[in-house]
Amino acid sequence: MKKEQIFDKAGEFLKTAKKPFLAVVGPTASGKTSASIKIAKKFNCEVINSDSRQIFKHVDIVSAKITPEEAEGVPHHLFSFVEPDQVFTVVEWREMAEKMAEDILDKGKIPMLCGGTGLYINAITKNFSIPAVAPQAEIREELEKMTNQELWQELNKKDPESAKKIHENNRRYLVRALEIFETSKEAKSAQEGIMSPKFESLILGVSVNREELYERINKRVYDMLENGLMKEVKELLKMGYKKGDPGMISHGIPEALDYLEGIISKEDFIAKMQQVTRNFAKRQLTWWRRDERVIWFNPATFEITNSPEI
RNA sequence: GGCCAGGUAGCUCAGUGGUAGAGCAAUGGACUGAAAAUCCAUGUGUCGGCAGUUCAAUUCUGCCCCUGGCCA
């Protein structure tokens with residue numbers, strides 16, 4: 001008997017879902033993009049970017065953005081619209097993505113999220129209620145002066161429930177929780193929750209073989225170099241963007257900058273870029289593995305695999 | 001060939017007369033306005049080989065092998 005295919009599953013879902021959208025998830029370099037195009041063409045979808053790096057202008061090669069040829073005419077949205085030195089957050093992304101999804105549905109087409117940022121996808125599919133406190137540079141700057149221990153103790157005084165969940169060394173999480181409390185005078189934990197989703201989503205996960213994935217990542221770095229990665233990084237510098245800017249932390253850029261400054265050799269730069277990308281792919285696998293909503297499929301055969309790894 | 005410095009976890013290296021550790025990697029995990037971010041957990045490996053000294057050697061001694069440097 002022929003194994004069930006992801007297309008059957010998606011078709012069935014789309015027949016009954018109210019305000020449906022599809023999401024294609026999986027680790028970087030897993031073949032998400034090409035799989036998404038095949039599915040998009042089959043179900044008349046338009047793609048909404050859910051990758052936190054591909055939103056940036058001028059960061060094309062390093063962030064592995066889809067090219068017009070690869071898109072094969074499928075419309076793509078929310079790419080390349082943020083300046084690389086601008087801070088852009090989940091909340092803003094979700095607002096735009098929801099609006100875009102509505103527009104696509106209005107046209108009688110199906111919205112499809114594609115991109116590797118798990119937080120973004122969960123924010124929309126689970127419809128998180130996110131504490132309404134925007135990031136505040138001044139507060140963060142003040143908090144940054146404190147030691148890990150001081151931060152944790154401060155949080156434990158004000159929002160013990162959050163403190164319990166955040167490790168003392170995780171300064172970033174501690175700072176955010178404190179920022180929320182300072183601004184809203186209410187605990188972070190008290191303001192979080194899940195609302196009823198605005199859309200019905202079907203999450204499709206690209207299954208991978210770990211060894212092959214790592215090889216693909218290693219190879220993709222060389223491809224990027226051939227396609228002008230260094231030129232792109234130099235252009236970004238010429239435009240005035242700096243190390244540490246939000247758009248400048250895409251894997252490969254910090255390493256390329258170190259190489260350009262002579263801090264590391266070219267070999268080390270390449271090896272390091274491959275490594276951070278592999279580390280990231282592993283974190284992505286961890287993120288999605290536990291999510292029971294995901295329907296995993298083999299991107300070569302489109303058969304359902306029931307597992308993130310083949 | 002001679003002299004010197006080394007050979008310890010996948011890699012780079014620390015260390016001790018009572019059979020070993022750190023960083024990185026790797027693996028697992030967390031994740032609600034920075035998320036390609038941030039953070040947590042997990043370290044048995046003939047301590048190059050053989051022999052000797054010793055109650056005890058990875059640690060001391062001798063020989064051998066290998067690597068690097070200098071001298072011929």
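Letters go in sequence order (proteins before strands), and every chain restarts at 1.
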| message | Regarding A/Lys272 and A/Glu255, does a basic nitrogen lie under 4.0 Å from an acidic carboxylate oxygen? | response | no

| field | Atom NZ of A/Lys219: over 12 foreign heavy atoms under 6.0 Å | value | no

| request: Please tell me if the side chains of A/Leu155 and A/Leu151 come closer than 4.5 Å, counting only heavy atoms from C-beta onward. | output: no

| query | Rounded to the nearest Å, what distance is computed from the CG atom of residue A/Asn148 to the P atom of nucleotide B/C39? | reply | 9 Å

| said: With a 3.5 Å limit on both atom pairs, tell me what B/G6 is paired to, counting Watson-Crick and G-U wobble, or say none. | reply: B/C66

For residues 198-206 of chain A, dump all side-chain donor-acceptor pairs below 3.5 Å to protein atoms at least two apart in sequence or in another chain.
| from | atom 1 | to | atom 2 | distance (Å) |
| --- | --- | --- | --- | --- |
| A/Lys198 | NZ | A/Glu98 | OE1 | 3.0 |
| A/Glu200 | OE2 | A/Lys18 | N | 2.9 |

| Below 4.0 Å: OP1/OP2 of B/A37 and any side-chain N or O of A/His251 | yes

| query | Does any nucleotide pair with B/U53 by Watson-Crick or G-U wobble geometry, both distances under 3.5 Å, and what is it? | reply | none

| If we take the C1' atom in both B/A26 and B/U12, what is their distance in whole Å? | 16 Å

| Separation of the P atoms in B/U16 and B/G6, to the nearest angstrom | 13 Å

| remark: Checking N1-N3 plus N6-O4 or O6-N4 for Watson-Crick, or N1-O2 and O6-N3 for wobble, each under 3.5 Å, the partner of B/A26 is B/U42

| query | Is there a Watson-Crick or G-U wobble partner for B/A35 with both distances under 3.5 Å, and if so, which one is it? | reply | none

| task | Remember a base hit wins even if backbone is also touched, and classify A/Val276 as base, sugar-phosphate or nothing at under 4.0 Å, heavy atoms. | result | nothing

| said: Nearest whole Å is fine: how far is B/A35 P from A/Asp245 CG? | reply: 13 Å

| request: Kindly check if the number of other-residue, nucleotide or ligand heavy atoms within 6.0 Å of NZ (A/Lys57) is above 12? | output: yes

| remark: Rounded to whole Å, CG of A/Asp51 lies from P of B/A35 at a distance of 10 Å

| Any-strand Watson-Crick or G-U partner of B/G21, both distances under 3.5 Å | B/C13

| query | When the P atoms of B/G48 and B/G7 are considered, how many whole Å apart are they? | reply | 8 Å

| said: Could you tell me how far B/G52 sits from B/G2 if I compare only their P atoms? Round to whole Å. | reply: 26 Å

| request: Give A/Thr277 one of three labels, base, sugar-phosphate or nothing, depending on what nucleic acid heavy atoms sit under 4.0 Å from its own. | output: nothing

| field | Separation of atom CZ in A/Arg171 from atom P in B/A35, rounded to whole Å | value | 19 Å

| request: Using the C1' atom on both, measure B/A41 against B/A25 and round to a whole Å. | output: 16 Å

| remark: Re B/G1: Watson-Crick or G-U wobble partner, both distances kept under 3.5 Å, found to be B/C71

| query | Taking the inter-plane angle between the rings of A/Tyr120 and A/Trp93 on a 0 to 90° scale, is it parallel (under 30°), tilted (30 to 60°) or perpendicular (over 60°)? | reply | parallel

| task | Any pair with a residue in residues 224-271 of chain A that passes ring pair (Phe, Tyr, Trp, His ring centres under 6.0 Å), sequence neighbours left out, goes on the list, sorted by first then second residue, please. | result | A/His251-A/Phe280, A/Tyr259-A/Phe269

| field | Spacing of the C1' atoms in B/U44 and B/A9 (rounded, Å) | value | 9 Å

| C1' atoms of B/U27 and B/C13, separation to the nearest Å | 23 Å

| task | Check the surroundings of atom NZ in A/Lys19: do more than 12 heavy atoms from other residues, nucleotides or ligands lie under 6.0 Å from it? | result | yes

| remark: B/S/- along nucleotides 25-34 of chain B (protein heavy atoms under 4.0 Å) is SSBBBBBBBB

| Roughly how far apart, to the nearest Å, are B/G1 and B/G49 at atom P? | 24 Å

| note | Atom CG of A/Leu143 and atom P of B/U38 are separated, to the nearest Å, by 18 Å

| Distance, rounded to the nearest Å, where A/Leu151 contributes CG and B/C39 contributes C1' | 14 Å

